[in-house]
Amino acid sequence: TTDTFLAKQTRGRVMRYWPSHVVVTRRAILLALAGHGSEAVLLVSRVVAVIDPAALTLLRQARETDPEAIDPLLAAIGVRP
């Protein structure tokens with residue numbers, strides 16, 4: 001059927017459509033919390049053009065844990081803490 005054909009055609013491309021900016025934001029948060037702030041800022045600055053509400057929510061939630069680590073990330077994307 002058509003559904004089976006479409007499923008076979010998209011099977012290898014599923015991860016390409018994952019919201020990578022959210023994944024990158026999570027990685028940056030983990031780096032910042034681990035004390036690698038400069039790496040985290042560099043990573044976040046790469047995706048600043050595609051920061052969406054979900055990624056921003058992640059950053060704000062992480063800020064509740066450690067504002068000193070997360071504030072530079074928010075500043076890098078132009079968001080006031």
Side-chain angles (χ1 to χ4, degrees):
T1 66
T2 304
D3 292 340
T4 304
F5 175 76
L6 289 174
K8 288 180 181 178
Q9 292 299 313
T10 60
R11 188 173 302 150
R13 291 180 264 153
V14 172
M15 288 304 291
R16 292 183 194 161
Y17 297 108
W18 183 262
S20 59
H21 51 281
V22 174
V23 174
V24 171
T25 302
R26 285 183 182 153
R27 174 77 175 146
I29 289 169
L30 291 173
L31 283 169
L33 293 175
H36 302 281
S38 58
E39 288 179 62
V41 167
L42 180 63
L43 197 55
V44 155
S45 62
R46 290 182 186 170
V47 296
V48 69
V50 290
I51 291 290
D52 72 342
L56 192 54
T57 298
L58 287 173
L59 286 166
R60 289 191 171 136
Q61 288 172 344
R63 187 179 186 278
E64 294 173 10
T65 303
D66 190 350
E68 289 182 20
I70 304 302
D71 283 349
L73 301 181
L74 290 168
I77 61 169
V79 175
R80 290 178 35 192

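Note that the coordinates shown come from a computational prediction; the quantities given were computed from them, not determined experimentally. Numbers here are sequence positions counted from 1.
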How many angstroms lie between atom CG of L73 and atom CG of L43, to the nearest 0.5 angstrom? 9.0 Å
For residues 28-44, pull every pair meeting salt bridge (Lys or Arg N to Asp or Glu O under 4.0 Å), keeping only residues two or more places apart or in separate chains. none
Taking all heavy atoms of A32 and all of A40, pick out the closest pair and write down the distance. N-CB, 3.7 Å
Would you say that V79 contacts R60 through its side chain, given a criterion of any heavy-atom pair below 4.5 Å between the two side chains? yes
d(R27 CZ, L31 CG) to nearest 0.5 Å is 4.5 Å
Does any part of the side chain of P53, heavy atoms only, come nearer than 4.5 Å to the side chain of L56, both counted from C-beta? no
Over all atoms of both residues, closest heavy-atom pair of D52 and A55: OD1-N, 3.0 Å
Heavy atoms, side chains only, cut-off 4.5 Å: are V44 and L74 in contact? no
Which is it for V47 and I77 under the side-chain contact (heavy atoms from CB on, under 4.5 Å) test, yes or no, and what are the steps along the way? CA-CA 9 Å; V47 296; I77 61 169; over 6 Å; no
Nearest 0.5 angstrom please: L33 CG to E68 CD, how far? 12.0 Å
Can you tell me how far the CD1 atom of I70 sits from the CD1 atom of I29, to the nearest 0.5 Å? 5.5 Å
Could you name each residue pair satisfying salt bridge (Lys or Arg N to Asp or Glu O under 4.0 Å) that touches residues 71-80, not counting sequence neighbours? R63-D71
Any side-chain heavy atom of L58 sitting closer than 4.5 Å to one from R26? yes
